[in-house]
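Data block below; observations after.
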There are 2 protein chains.
Amino acid sequence: MARRSVLVTGMSGLIGGALRRHLEGTYALSALNRRPLPGVKCHQADIADLEAIAPAFDGVDTVVHLAARTGESESFDEILRANVIGTYNVFEAARRAGVGRVIFASSGATVSAWERDAPWSALIAGRYGEAGPFAKMTHETPTRPAGLYGASKIWGEALARHYADTHGLSAICVRIGRVKAEDRPMATRDYAVWCSQRDIVRMIELCITAPPTLRFDVFFAVSDNRWGYRDLEHARAVLGFEPRDRAEDHR
Amino acid sequence: MARRSVLVTGMSGLIGGALRRHLEGTYALSALNRRPLPGVKCHQADIADLEAIAPAFDGVDTVVHLAARTGESESFDEILRANVIGTYNVFEAARRAGVGRVIFASSGATVSAWERDAPWSALIAGRYGEAGPFAKMTHETPTRPAGLYGASKIWGEALARHYADTHGLSAICVRIGRVKAEDRPMATRDYAVWCSQRDIVRMIELCITAPPTLRFDVFFAVSDNRWGYRDLEHARAVLGFEPRDRAEDHR
């Protein structure tokens, strides 16, 4: 049986690199990337150019769309090109090529402006006694974007829903927490929102292998952090996601 | 006392025209419009051009942002320019000019793809017996966009929240139902989602006059339709909105 063909955008990034190491050997991997990527089939193009990226989608079963300007950028032009137009282009190219599923790297930044308010404000500042008991935020909690970056990820989730509804594409949104090059929490806030590299790549693989009957969904992806406020039960129930790491083990 | 200065984008549209007639005489009205508008102070510019629209915002207290490509357009380039970039430009120009409040004409299209599922599917098809009793959808129900247009309005709401959180702007989103030139329901679905012209202009005026302590909120705006599924209690509680019309009176 032919191996499943998986196209990864943004493979040169931190999560993209970890994902490549995790998936290599199991899937027929390819990359859509601005920079060249030695050792993997790579289509080099700018994600803001629909016609230029289209050939990368031929014969692909599943797309993992990681390419994005990150939360550090507050340049609207950059966010617009890479995240707003780029994510539209990925869904549209996937539809035209008959791709079965797009896994969209969304972000906790779709909701993390709630951290302005109690009890989240106390939690992310490490004032755990003050935070008191709290219910976790779910994927159905109203969004509240952190910056233009968060708004662009809300846009991407809306596109995912639209393409799933209208074009029969399976679209899964993963709201990724804080993944670090050092692969451990580095700041107080990370004890709430950290996601280890092995937890995120495992989550993405579960999205790749989930049955085709899964047409649309939204999941948080963080490690099993004691002071985490983002629900993991939904990902556990639907995907069988069992995070292996906990931020507090790295104190 | 000087009259409140209200800038309306898209005043040449159906709702813009009705709003102009309703507000004239009470407020110092001005327009930001592509086409000339006789009889009102009008700054002519393309909303996709931030520098070109900026002068329209000088000295403005409140912006009512109606300009948009409507739900009939499925051209991404049009939606991108008018709704995605245009709405960013309006919030950004408002921030730079120190405008106090932006009222954003959002749309029921932020949630109306729920009409694909029961009981909404039966309701909008006029199979009222089949729909059975149902709870109304609230402004906190997860979004589900109808088309790229709906996705662009979800983006606009995310921007509204971001500007309210980060820049101290008061931002109010009004999810407008189906407003018709004939000012009455014309299709079966309209019995659920119709909004009369006098109900929408009254709603917008309530958003203009709401106290400055209202920093961010989202309201549905439809008439008091018997088969409506969009909650009006929140607008009643916060704004005192009392719709005067009902779609079923026009059967």
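Atom set for the values below is all heavy atoms of this structure, side chains included, hydrogens, waters and symmetry mates excluded. Fair warning: this is a prediction, and the values are worked out from it, not measured in the lab. Convention: sequence-line order gives letters A, B, ...; per-chain numbering from 1.
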Under 4.5 Å to a heavy atom of chain A? For B:Arg116 that would be side chain

Counting heavy-atom pairs under 4.5 angstrom with chain A, the leader among B:Glu157, B:His139, B:Arg144, B:Glu92 is B:Arg144

Exceeds 12 heavy-atom contacts within 6.0 angstrom, atom CZ of B:Arg95
yes

Name the member of B:Ala113, B:Gly147, B:Pro142 that forms the most heavy-atom pairs with chain A at distances under 4.5 Å.
B:Gly147

Measure the shortest side-chain to side-chain distance between B:Leu80 and A:Tyr88 over non-hydrogen atoms and say whether it is less than 4.5 angstrom.
no

Of B:Leu148, B:Val218, B:Thr141, the largest count of non-hydrogen pairs under 4.5 angstrom with chain A goes to B:Leu148

Is it the case that atom CZ in B:Arg34 sees more than 12 heavy atoms from other parts of the structure closer than 6.0 Å?
no

Among residues 158-167 of chain B, which ones touch chain A with a heavy-atom distance under 4.5 Å?
B:Ala158, B:Leu159, B:Arg161, B:His162, B:Asp165, B:Thr166

If you take all heavy atoms of A:Phe76 and B:Ile85, which pair is closest and at what distance?
CZ-CA, 4.5 Å

